[in-house]
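What follows is a single structure, written as structure tokens, with notes after it.
Throughout, protein chains are lettered first and strands after them, A, B, ... in sequence-line order, and every chain is numbered starting at 1.
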Amino acid sequence: MTDVIRTSITESTQKVFGLSTEDMPAVDIQFTPDITMGDYAVPIGFVLAKKLRTAPDRIAQTIAQNLQGPFRAEAVKGYVNVTMDDYWWLDRLSQGFISYPQYSGKVLVEYVSANPTGPIHIGHGRGAVVGSVLANLLDRVYDFADSEFYVNDAGEQIRKFCKSVEIRIRELKGEDVELPEDAYHGDYIVDIAKSILDRYNWDTLSEEEQWNVLWNDAVDMMRKWHKETLEKLSVTMKVWTSERLIRQEGWPERAIQLLQDKGYAYEKDGALWFKSTLLGDDKDRVLVKSNGEYTYYLVDIAYHMEKIHRGYNVLVNVWGADHIGHVPRMNAALTALGFPDCLTVVLVQTVRFWRQGVAVAMSKRKGEFLTLDELIDEIGKDAARIMFITRSVDATIDFDIEGAKQKAMDNPVYYIQYACVRAKNILTRTDERQFGSSLGFDPHERTLLRLLNAFQERMALAVRKLDPFVIESYAWELSDAFHKFYQFDRVIGSEYENARWQLVERFTQVMEELFTLLGIEKLERM
RNA sequence: GCGCCCGUAGCUCAACGGAUAGAGCGUCGGCCUCCGGAGCCGAAGGUUGGAGGUUCGAGUCCUCUCGGGCGCGCCA
């Protein structure tokens, strides 16, 4: 919301230097490094120096002298520094700051998508939080955005999982059976086995019926568990899509047909291949194995086809960085199917966990992991959520579990929430406030004002980078500015009470909006 | 060997190609008769892994190089 500066600079520059619209470079408006230098800085002199063959400081000076607008302008080196008039800020305050860039598109954010063969562990947590914040954000920016969990309830891992439950059932019934090395060893398998024995008269079931129970009930229990865990983390999925259904509804066959029709499929060595090298992949990929089974890749292509069929045209997938190799393949497939550029994969780097300097092994088979449930129980939902997004998705997180528990109070979430609590406290205490007439914003107030005023462009940046970290750091910066304002500027009883009260109110509104995006609680007291 | 991510303060990490590279944690020293001290102020701490290049300007872009992570199946 700095269009007034951009317009003014553009007009003035064109007039003074006789530049046409095409000759006019993009006007970049940034924060001054120090608020005492002004609210905004425009490095226009540097940009035009070559074209005009004039020194940057001369250009900036000339432009600054000829600027017209609700601000004071001053040239420093090649910069034009701009300080907005107090009444302009007051006007911005009365309008409010929450507005989003608007794009057209129906968005589906797919994330977590853990196999229903074990509990959700903290490694999944990062993707869960990143995905949910992105869905919240994109829902405000696009036509709408839905969250989806893809349940891999078909395939080899599930078969192994069911087998593991079955062995535990037999064990519970007194049989002397041994759990194979490659089976799932976690205690939860025993719990599921017990629960199934509670519900069914196991021995009276035929072998086929038994397998159906495992295949349906055991998997369903895992899915419910996943849902509960995610909801404890304020992660709500709108859609749970079953891989089995994708297969049953014939999507893989449709995908094969389409790829064949478009000339992207060929047979070799008894298998059906996708000519993905035509579309940027480094080698061709198998769609149907020589034994007739579909590859996971084919089913995934089919799944994405089905997403598009449901009407989504902006697909966002949040994947762990270990799936990097899958990205070019997926893009190649969607391009082949006629939907280029519709998928964006957000790669979330790994979270490595340490306990007293030793890396914590995360093995699902052996049942060794810290579950997300345990983490949430230990440090709380809000602290857990923030933990995963105080780093950009590109950065690996090194996370000391013991340290995090001990120093839970150092979590930035409390800094943010505390700022909001302080602000609300002022608002609730000033029911019969005086409407003072004094006007004039000091550096602490201006720092807060220009940050609030950056709401829309910060959200645009978050969308561009598809990174919740942008939102979290914005919330942190706002809180930082607020704490400093709070420390130095008294609101209640001040001669500036009216303007300051509005500032506090707008701050609270923006923060609550950010809390909603981030999925953390708005507190009245702490 | 190839592809992607990362390398910045003691540690964990920021910084749309812009001014004096910033926070948190840790260390040291200050601030409540005053809207909540879960806060604020200050000090110490840096050759942005290294070498070239691009340009008015490089932590950021390009090339090379060193170090760490992940991935390179008719697995999922």
Side-chain angles (χ1 to χ4, degrees), chain A residues 26 28-30 32-34 37 41-43 45-50 55-57 76-79 81 113 115 117 152 154-158 160 243 268-273 282-283 285-300 320-328 347-350 352 390-400 403 407 409-419 421-430 457-458 460-461 464-465 469-470 473 476-477 479-480 482-494 497 500-501 504 525-526:
Chain A
D28 180 30
I29 299 175
Q30 49 199 233
T32 54
D34 185 334
M37 300 165 75
V42 187
F46 299 113
V47 184
L48 285 171
K50 195 168 210 173
D57 54 342
V76 181
K77 294 191 255 181
Y79 295 95
N81 289 346
S113 297
N115 285 342
T117 53
N152 299 127
E156 187 57 20
Q157 291 309 314
I158 287 294
K160 209 169 277 176
E243 182 188 339
K268 194 183 88 182
D269 304 333
L272 186 68
W273 295 71
D282 54 355
K283 57 182 92 159
R285 306 289 166 179
V286 172
L287 298 168
V288 183
K289 303 182 213 170
S290 50
N291 66 6
E293 281 177 20
Y294 296 157
T295 59
Y296 176 85
Y297 175 50
L298 169 63
V299 183
D300 219 13
D322 54 340
H323 289 75
I324 178 96
H326 206 54
V327 176
L347 284 177
V348 178
Q349 287 296 323
T350 23
R352 289 185 301 180
T390 45
R391 308 250 178 291
S392 63
V393 290
D394 284 341
T396 54
I397 296 180
D398 279 301
F399 188 72
D400 184 276
K407 297 189 294 186
M409 295 304 273
D410 290 333
N411 193 298
V413 75
Y414 299 106
Y415 188 76
I416 295 169
Q417 284 176 323
Y418 186 43
V421 166
R422 281 177 142 182
K424 277 189 169 175
N425 194 36
I426 291 174
L427 297 180
T428 55
R429 280 168 176 267
T430 51
E457 69 185 53
R458 286 300 181 101
L461 180 65
R464 199 162 65 239
K465 293 176 98 165
F469 170 70
V470 174
S473 61
W476 194 91
E477 282 177 60
S479 303
D480 179 54
F482 181 82
H483 280 306
K484 282 162 188 168
F485 157 77
Y486 183 94
Q487 193 76 18
F488 291 96
D489 292 335
R490 197 178 164 78
V491 177
I492 298 169
S494 153
E497 180 172 328
R500 284 181 181 169
W501 192 89
V504 174
R525 276 184 297 277
M526 297 175 68

Taking only residues two or more places apart in sequence or in another chain, which ones pass side-chain hydrogen bond (donor to acceptor under 3.5 Å, both in side chains) with A:Arg285?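 Applying side-chain hydrogen bond (donor to acceptor under 3.5 Å, both in side chains) to A:Arg285 gives A:Asp281, A:Asp282.
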[N] to [M] separation - [atom1] atoms, rounded to the nearest Å:
{"N": "B:rA58", "M": "B:rG50", "atom1": "C1'", "answer": "16 Å"}
{"N": "B:rG39", "M": "B:rA21", "atom1": "C1'", "answer": "26 Å"}
{"N": "B:rG26", "M": "B:rU12", "atom1": "P", "answer": "15 Å"}
{"N": "B:rG7", "M": "B:rC28", "atom1": "P", "answer": "30 Å"}
{"N": "B:rA38", "M": "B:rC32", "atom1": "C1'", "answer": "15 Å"}
{"N": "B:rU55", "M": "B:rC62", "atom1": "C1'", "answer": "13 Å"}
{"N": "B:rC41", "M": "B:rA14", "atom1": "P", "answer": "23 Å"}
{"N": "B:rU54", "M": "B:rG68", "atom1": "P", "answer": "32 Å"}

Gap between atoms [atom1] and [atom2], on [X] and [N] respectively (whole Å):
{"X": "A:Asp394", "N": "B:rG69", "atom1": "CG", "atom2": "P", "result": "18 Å"}
{"X": "A:Ile416", "N": "B:rG39", "atom1": "CD1", "atom2": "P", "result": "12 Å"}
{"X": "A:Arg490", "N": "B:rU33", "atom1": "CZ", "atom2": "P", "result": "13 Å"}
{"X": "A:Asp489", "N": "B:rC34", "atom1": "CG", "atom2": "P", "result": "18 Å"}
{"X": "A:His483", "N": "B:rC32", "atom1": "NE2", "atom2": "C1'", "result": "16 Å"}
{"X": "A:Gln30", "N": "B:rU20", "atom1": "CD", "atom2": "C1'", "result": "15 Å"}
{"X": "A:Phe488", "N": "B:rG37", "atom1": "CZ", "atom2": "P", "result": "13 Å"}
{"X": "A:Gln349", "N": "B:rG7", "atom1": "CD", "atom2": "C1'", "result": "13 Å"}

Syn/anti state of B:rC34 by chi, 90° boundary around 0: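 Base orientation: anti.
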Electrostatic pair A:Arg458:A:Glu477 at N-O distance under 4.0 angstrom: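 Here A:Arg458 pairs with A:Glu477 in a salt bridge, since their nearest N and O are under 4.0 Å apart.
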Of the options [options], whose atoms approach the side-chain atoms of [X] most closely?
{"X": "A:Trp476", "options": "B:rC13, B:rA23, B:rC5", "result": "B:rA23"}
{"X": "A:Ser392", "options": "B:rG37, B:rA14, B:rC40", "result": "B:rA14"}
{"X": "A:Thr32", "options": "B:rG69, B:rA15, B:rA19", "result": "B:rA19"}
{"X": "A:Arg391", "options": "B:rC13, B:rG37, B:rA19", "result": "B:rC13"}
{"X": "A:Gln487", "options": "B:rG69, B:rG39, B:rA19", "result": "B:rG39"}

Could you walk me through whether A:Tyr415 and A:Tyr418 pass the ring pair (Phe, Tyr, Trp, His ring centres under 6.0 Å) test, one step at a time? CA-CA 5 Å; A:Tyr415 188 76; A:Tyr418 186 43; 8.4 Å; no
If you look at every heavy atom in [X] and [Y], which pair is closest and at what distance?
{"X": "A:Gly320", "Y": "A:Leu347", "result": "O-CD2, 3.7 Å"}
{"X": "A:Val299", "Y": "A:Glu243", "result": "CG1-CG, 3.8 Å"}
{"X": "A:Val288", "Y": "A:Tyr294", "result": "CG2-CD2, 3.9 Å"}
{"X": "A:Gln157", "Y": "A:Thr117", "result": "O-CG2, 3.7 Å"}
{"X": "A:Phe482", "Y": "A:Ala419", "result": "CE2-O, 3.4 Å"}
{"X": "A:Pro412", "Y": "A:Thr390", "result": "CG-CG2, 3.5 Å"}

Sugar-phosphate, base or nothing in reach of [X], heavy atoms under 4.0 Å:
{"X": "A:Ser473", "result": "nothing"}
{"X": "A:Lys424", "result": "nothing"}
{"X": "A:Asp57", "result": "nothing"}
{"X": "A:Ala55", "result": "nothing"}

List in chain and number order the residues that pass ring-ring contact (aromatic ring centres under 6.0 Å, His included) with A:Phe46, two or more places apart in sequence or in another chain; answer none if no residue qualifies.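 ring-ring contact (aromatic ring centres under 6.0 Å, His included) check on A:Phe46 returns A:Tyr79.
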For A:Tyr297, enumerate each residue passing the ring-ring contact (aromatic ring centres under 6.0 Å, His included) test, keeping only those at least two apart in sequence or located in another chain.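 Partners of A:Tyr297 by the ring-ring contact (aromatic ring centres under 6.0 Å, His included) criterion, ordered by chain and then number, come out as A:His326.
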Let's test your reading of the model: under 3.5 Å, does the base of B:rA38 pair with the side chain of A:Asn411 as donor and acceptor?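 Not at all, since no donor on one side and acceptor on the other fall under 3.5 Å apart.
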Would you write the dot-bracket representation of RNA chain B, where each base gets (, ), [, ], | or . depending on whether it forms a Watson-Crick or G-U pair under 3.5 Å and with which partner? (((((((..((((....[...)))).(((((.......))))).....(((((..]....))))))))))))....
A correct 5'-to-3' footprint of nucleotides 71-76 of chain B, with B, S and - meaning base, sugar-phosphate only and no protein heavy atom under 4.0 Å, is SSSBSB
Select from A:Arg525 and A:Val42 the residue whose nearest nucleotide in RNA chain B is closer to the 5' end of that strand.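 Final value for this comparison: A:Val42.
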Name the residue closer to the 5' end of RNA chain B, choosing between A:Ala41 and A:Ile29 according to the nucleotide with the nearest heavy atom.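 It is A:Ile29 whose nearest nucleotide is closer to the 5' end.
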Is any side-chain N or O of A:Tyr486 closer than 4.0 Å to OP1 or OP2 of B:rC41?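 For B:rC41, OP1/OP2 do not have a side-chain N/O of A:Tyr486 under 4.0 Å.
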Does the side chain of A:Arg422 get closer than 4.0 angstrom to OP1 or OP2 of B:rG37 through an N or O atom?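 Affirmative; the distance criterion is met.
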Compare all side-chain heavy atoms of A:Arg429 with those of A:Ile492 and state whether any distance is below 4.5 angstrom.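 Answer yes - side chains close enough.
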State whether the side chain of A:Trp273 and the backbone N or O of A:Lys268 hold a donor-acceptor pair below 3.5 Å, judged by distance alone.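 Yes, A:Trp273 side chain to A:Lys268 backbone: donor-acceptor pair under 3.5 Å.
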Ignoring hydrogens and geometry, is there a side-chain-to-backbone donor-acceptor pair from A:Thr295 to A:Val286 under 3.5 Å?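 Side chain of A:Thr295 to backbone of A:Val286, a donor-acceptor pair under 3.5 Å: yes, one is there.
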Nucleotides 53-62 of chain B: which of its N/O atoms have a protein N/O under 3.5 Å away?
from: B:rC56; atom 1: OP1; to: A:Lys50; atom 2: NZ; distance (Å): 3.3

